[in-house]
Amino acid sequence: MIGKDLDKALTLLKKGKLVAIPTETVYGLAGNGYNEKAVIDIFKVKNRPFFDPLILHTDSLEKVKDIVSEIPKLALSLAKTFWPGSLTLILPKKDIIPDLVSSGLPTVAIRIPDHPLTLELLGKLDFPLAAPSANPFGYVSPTNANHVAEQLGDKIPYILDGGSCNIGLESTIIGFPENMPIVYRKGGLSIELIESLIGTVVVNSNSDSQPNAPGMLKKHYSPNVNIEIGDIDSMIKKHNNKTIGVISFHRSFDLIPKNQQFILSPKKDLHEAGKNLFSALRALDQINPDIILTEYFPEKGLGLAINDRLLRAATN
Ligand code: TXA
Ligand code: MG
């Protein structure tokens, strides 16, 4: 069931039930992060392997301090500048967090999301919400309540509707092994903004060196239709005997039916493009063409996260 009833969401969560919640990045599948049973249910509903740790969500730095044993200086400065926002920090966890949440790791992922409804909800709870993206494991993340309903509607009691996600790409994840900031997932907060605050960071979102982080698996965020990335004009020629779907940055293509092409931002705005990406992938998956053709976005700002998601979606 979809609705905007905050009290209903609160009551369910306090009973250990799951509720899908809106955030500015993507919708999350939320449950009480202190309650092992709720956490197990999250993994089951998503069909997610238990080795893929979850993100905890809360609404204040004070509450973060209940959950983590230490906040390195750089992490604190990032938190104070970018929270609420599309940034997840990996920090040493306190024992109060069940090992299931962190898949046995000594660290836990945490973020304060920037969505008014969810901030209000979190403010009324005395536990953090564990919430991965509200999609079946490996599929494209949901950026509105209907996306969640389509895939998980019959598995959870309530979807809190907070409209379409403003950012539309998952959060940027940063960890601090040996006090060195490392970006594990490119996301809704750009590397440039992060570096403008704390200086150069290492980006290591490579699946091989991060076996504990399936968000970084080569194949992820993936629709069912095959995707090819490159020069769209030449790929249209190459695939002229097929039905084609297109996802482009700002151009339209005369040879492709209008309803099969998704122009993410005619005004060339990477923020707008990021916001529209996952709906386009979902819509084309439903249309079910033989192939989806797309292109590399500019390698700056949110273009980095967009290219990252396209590459993983294109991996067979
Ligand atoms: O924007 C987001 O981050 C959304 C919204 C709902 O907040 N959540 C989200 O969660 O994308 P999920 O579970 O789909 O992705 C979380 C990623 C996973 O790839 C996981 O491996 C990584 O975070 N992660 C969690 N805990 C970690 C840890 N202790 N060390 C390294 N990676 C971790
Ligand atoms: Mg996910």
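Just so you know, ligand 1 is whichever comes first in the structure, and atom 1 is the first atom listed for that ligand. All values derive from a computational prediction rather than experimental measurement.
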- [ ] Supply the atom-to-atom distance Phe253 CZ to Asp233 CG, rounded to the nearest 0.5 angstrom.
- [x] 5.0 Å
Task: Under 3.5 Å donor-acceptor, Gln151 side chain and Asn135 backbone - done: no
Open item on the list: At less than 4.0 angstrom from any non-hydrogen atom of Ile173, what atoms of ligand 1 do you find?
Closed with: 17 (C), 22 (C), 23 (O)
Task: Atoms in ligand 1 flagged as close to Leu105, the criterion being non-hydrogen separation under 4.0 Å - done: 28 (C), 29 (N), 30 (N)
Task: N/O/S from Ser133 sitting under 2.8 Å away from the Mg ion (ligand 2) - done: yes
Open item on the list: Taking distance alone, with N or O pairs closer than 3.5 Å, would you say Tyr184 contacts ligand 1?
Closed with: no
Open item on the list: Within this structure, what is the CD1-CG distance for the pair Ile21 and Asp161, rounded to the nearest 0.5 Å?
Closed with: 13.0 Å
TODO: Could you tell me which atoms of ligand 1, counted from 1 in the order shown, lie closer than 4.0 angstrom to a heavy atom of Ser133?
DONE: 8 (N), 9 (C), 10 (O), 12 (P), 14 (O)
Open item on the list: Test of understanding: given a 4.0 Å heavy-atom threshold, classify the contact between Thr107 and ligand 1 as side chain, backbone, both, or neither.
Closed with: both
Open item on the list: So for Lys93, does at least one of its heavy atoms come nearer than 4.0 angstrom to any atom of ligand 1?
Closed with: no
Open item on the list: Give the atom numbers and elements of ligand 1 that come within less than 4.0 Å of a heavy atom of Pro132.
Closed with: 10 (O), 12 (P), 13 (O)
TODO: List every atom of ligand 1 that sits less than 4.0 Å from any heavy atom of Thr25, numbering the atoms from 1 in the order shown and giving each element.
DONE: 1 (O), 2 (C), 4 (C), 5 (C)
Task: Point-to-point distance, once rounded to the nearest 0.5 Å, from CD1 of Ile227 to CG of Leu284 - done: 8.5 Å
TODO: Find all atoms of ligand 1 within a distance of less than 4.0 Å from any non-hydrogen atom belonging to Ile90, and give their numbers and elements.
DONE: 27 (C), 28 (C), 29 (N), 30 (N), 31 (C), 32 (N), 33 (C)
Open item on the list: Does ligand 1 come near enough to Glu170 that some N or O of the ligand is less than 3.5 Å from an N or O of the residue?
Closed with: no
Task: Main-chain N/O of Leu122 paired to Lys63 side chain as donor or acceptor, under 3.5 Å - done: yes
Task: Heteroatom distance test (Lys46, ligand 1): nitrogen or oxygen, under 3.5 angstrom - done: no
Task: Where ligand 1 meets Ile55 - atom numbers and elements under 4.0 angstrom, heavy-atom basis - done: 3 (O), 8 (N), 9 (C), 10 (O), 16 (C)
Open item on the list: Looking at every non-hydrogen atom in both residues, tell me the closest pair between His57 and Pro113 and how far apart they are.
Closed with: CD2-CG, 4.1 Å
Task: Distance (rounded to the nearest 0.5 Å) between Ser171 OG and Arg185 CZ - done: 4.5 Å
TODO: Heavy-atom contacts with Ser171 under 4.0 Å: which atoms of ligand 1 show up? List them by number with element.
DONE: 1 (O), 2 (C), 3 (O)
- [ ] Answer with side chain, backbone, both or neither: which part of Arg48 has a heavy atom less than 4.0 angstrom from an atom of ligand 1?
- [x] side chain
- [ ] Going by heavy-atom distance to atom 11 (O) of ligand 1, choose the closest among Arg185, His115, Glu24, Arg111.
- [x] Arg185
Open item on the list: Do the side chains of Lys37 and Asp41 get close enough for a salt bridge, i.e. N-O under 4.0 angstrom?
Closed with: yes
TODO: Please check if any side-chain donor atom of Arg111 sits under 3.5 Å from a side-chain acceptor atom of Thr25, or the reverse.
DONE: yes
Open item on the list: Looking at Ile191, is its backbone amide N or carbonyl O close enough to the side chain of Lys186 to form a donor-acceptor pair, meaning the two atoms are under 3.5 Å apart?
Closed with: no
